[in-house]
Protein chains: 2
Amino acid sequence: MLYKFTDETEISNAPISTSLLAKLQRDILTGKFKPGQKLTEQDLCREYEVSRTPLREALRQLEADGLVENILNRGSFVIGMSDQDYNDLFEMRKAYEVQAVEWAIDRITEEEMERLEEIFEFMEFYTMRNDIEKMQVINSSFHQAIYEASHNRILQKQLSVYQNYLKYKDPERVYEDNYLSTVLQEHRAIFKAFTDKNAREGALAMEIHINRAKERHCR
Amino acid sequence: MLYKFTDETEISNAPISTSLLAKLQRDILTGKFKPGQKLTEQDLCREYEVSRTPLREALRQLEADGLVENILNRGSFVIGMSDQDYNDLFEMRKAYEVQAVEWAIDRITEEEMERLEEIFEFMEFYTMRNDIEKMQVINSSFHQAIYEASHNRILQKQLSVYQNYLKYKDPERVYEDNYLSTVLQEHRAIFKAFTDKNAREGALAMEIHINRAKERHCR
DNA sequence: GATTGTATAATTGTATACGAAAATACAATT
DNA sequence: AATTGTATTTTCGTATACAATTATACAATC
């Protein structure tokens, strides 16, 4: 009976647990829920207006991601990400981004190369336009395209997870001077390695890019 | 003193979804469920004698691990691990094991060093005894001790996940000639790098170890 | 025979019910 | 005041109920 009163303005073709997972990730990573904090199921149900079943499914996924810890009969507790964790994560991400670009340069198909080129051209365009919002999205697409070109399913998934972890980290820092053009240069160096088909060059360019990103985000 | 090296995958006092997750991981990775296969909830409920709630929670965790894919209103399908996936995973694991040993050698505490030494001595003992079963467990403990000594929470978790993925991969191959003494030599080289406090040496030894392990398992 | 439409069954997504464990409140005791 | 014991409430883990979607069976049509 209650089904008939669901909010039909929000057309969602995903189960509640999926969209809920994204919201909980966001609210943990943005610090709305603090590390150590107890996540009481009923409270969350009220807050997100969902029932316990999808909520618990989302909590189990957060647990698999390591953002939440579950203690038997006592509930879920926020783990979250410490500064140390972000530092560690950047180092781990660097290792994989470098591997990804090496593999990608060796394995990229013509189609994938065209797509990467297209993305890079959009990057140049939106950098000129100084459209930071669009750049956030295209930046993600650029890296994602490299992951795909690596033709390594597991690497691709893992790096996507890392992107998710990092996307809420100090997003306002992007407004600093020369942010866009600096990042564009770094991406250009990576893209050039693809046109040169030089994996070593790509690895170096990516290492520089991630190191700079780490400095930008972690100070 | 063997209680220190017991296989902790079987936790008696844990929610059903946790032990069920381990069983499902095993049954997917050992090929009982084939890639592409539909996992019907009710069938699984009957087979594992659980209700749908903990089953679905386990399925959501498998989904987060990438072993299962969920399609809205159509159910869960096995992804599993292809030969290519195992190859990729070994390369990814290598990158992280090398990082882990580098960090661990720089950061290991005296206590952790004593523990590592103890584990290594048990390794020597059970290699002499040719006790393959015990060695499997201690081998895992040795690597786990290094993960802990790296003092990187995220790395530790990720490498544990990889160990889980790999532990069902061709376990019978360990019965080949000189398996135990070969592995002991590789581990000795890694352990020596710890006593030498030489991270570079440790990285090289670990790289060799993982490469050999990959050859042994993937051929 | 192939195709379409429709009724039925099966399965999923979600909500709720219920027993068990843990947290809490509070009186009794020291 | 601090501590212990107990009753009550809360919360969790699990089972089950129900609505919505998808799959299946099968008759009607071409």
Side-chain angles (χ1 to χ4, degrees), chain A residues 1-25 27-28 33-79, chain B residues 9-25 27-28 33-79:
Chain A
M1 207 66 95
L2 286 172
Y3 279 93
K4 312 233 169 185
F5 297 96
T6 51
D7 185 9
E8 289 179 10
T9 56
E10 251 195 357
I11 303 157
S12 160
N13 49 345
I16 290 178
S17 64
T18 302
S19 50
L20 187 59
L21 174 63
K23 287 177 192 166
L24 286 168
Q25 279 177 340
D27 291 342
I28 289 172
F33 300 125
K34 309 292 182 200
Q37 182 177 344
K38 168 77 184 295
L39 294 178
T40 304
E41 292 178 5
Q42 286 213 346
D43 293 349
L44 295 181
C45 287
R46 265 189 293 274
E47 182 165 353
Y48 295 97
E49 296 179 294
V50 298
S51 78
R52 281 182 66 211
T53 306
L55 174 71
R56 284 176 60 90
E57 289 178 9
L59 286 175
R60 291 294 87 75
Q61 293 193 270
L62 287 172
E63 202 185 349
D65 286 349
L67 287 178
V68 152
E69 173 191 29
N70 195 275
I71 300 177
L72 181 67
N73 285 323
R74 297 192 57 211
S76 298
F77 298 83
V78 176
I79 299 289
Chain B
T9 52
E10 276 186 34
I11 305 154
S12 54
N13 228 18
I16 292 179
S17 64
T18 302
S19 50
L20 187 59
L21 173 64
K23 287 177 192 166
L24 286 167
Q25 279 178 337
D27 291 342
I28 290 172
F33 300 125
K34 309 291 182 201
Q37 181 177 343
K38 169 77 184 296
L39 294 178
T40 304
E41 292 178 5
Q42 284 213 344
D43 293 349
L44 295 181
C45 288
R46 264 190 294 276
E47 182 165 353
Y48 295 98
E49 296 178 297
V50 297
S51 79
R52 281 182 66 213
T53 305
L55 173 71
R56 283 175 60 90
E57 288 179 10
L59 286 175
R60 289 297 86 75
Q61 292 193 271
L62 287 171
E63 203 185 348
D65 287 348
L67 287 178
V68 152
E69 174 190 27
N70 196 274
I71 300 176
L72 181 67
N73 286 324
R74 297 191 57 213
S76 298
F77 299 82
V78 177
I79 299 288

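A, B, ... follow the sequence lines: proteins, then strands. Residue 1 opens every chain.
Taking every side-chain heavy atom of B:Lys38 into account, C:dT12 is the closest of C:dA15, D:dC12, C:dT12. Checking C:dG13, C:dT11, D:dA15 against every side-chain atom of B:Pro54, the shortest atom distance belongs to D:dA15. Among C:dT16, D:dA15, D:dG13, the nucleotide with an atom closest to any side-chain atom of A:Leu72 is D:dG13.
At whole-Å resolution of the value, CZ in A:Arg52 and P in C:dG19 are 15 Å apart. In this structure, CG of B:Asn73 is placed 18 Å from P of C:dA10, rounded to the nearest angstrom. For the pair B:Glu63 CD and C:dG13 P, the computed distance is 9 Å after rounding to whole Å. Look at CZ on A:Arg60: it is 10 Å from P on D:dC12, rounded to the nearest Å. Regarding B:Glu41, its CD atom lies at a distance of 15 Å from the P atom of D:dT16, rounded to whole Å. Atoms CG (B:Leu20) and C1' (D:dA15) sit 15 Å apart, rounded to a whole Å. Atoms CZ (B:Arg46) and P (C:dT11) sit 8 Å apart, rounded to a whole Å. Atom C1' of nucleotide C:dT11 and atom CG of B:Leu44 are separated by 12 Å, given to the nearest angstrom.
Between A:Arg60 and A:Glu57 there is no salt bridge, since no side-chain nitrogen of the basic residue lies less than 4.0 Å from a carboxylate oxygen of the acidic one.
Distances shorter than 4.0 Å separate some side-chain N or O of B:Asn70 from OP1 or OP2 on C:dG13. Under 4.0 angstrom from either OP1 or OP2 of D:dG13 there lies at least one side-chain N or O belonging to A:Arg56. Applying the 4.0 Å criterion to OP1 and OP2 of D:dT14, one finds that B:Ser51 has every side-chain N and O outside that range.
No more than 12 heavy atoms of other residues, nucleotides or ligands sit less than 6.0 Å from atom CD of A:Glu49.
Side-chain contact between B:Phe33 and B:Val68 is absent, with no heavy-atom pair separated by less than 4.5 Å. A 4.5 Å side-chain heavy-atom check between B:Arg56 and B:Cys45 finds every atom pair outside the cut-off. B:Leu39 places a side-chain heavy atom less than 4.5 Å from the side chain of B:Leu44.
For C:dT29, the paired base is D:dA2 (Watson-Crick or G-U wobble, both distances below 3.5 Å).
Each of A:Arg74 and B:Leu39 lies near DNA chain C, and the nucleotide nearest B:Leu39 is the one positioned closer to the 5' end.
Residue contacts for A:Asp43: at a heavy-atom cut-off of 4.0 Å it reaches no nucleic acid atom on any strand shown.
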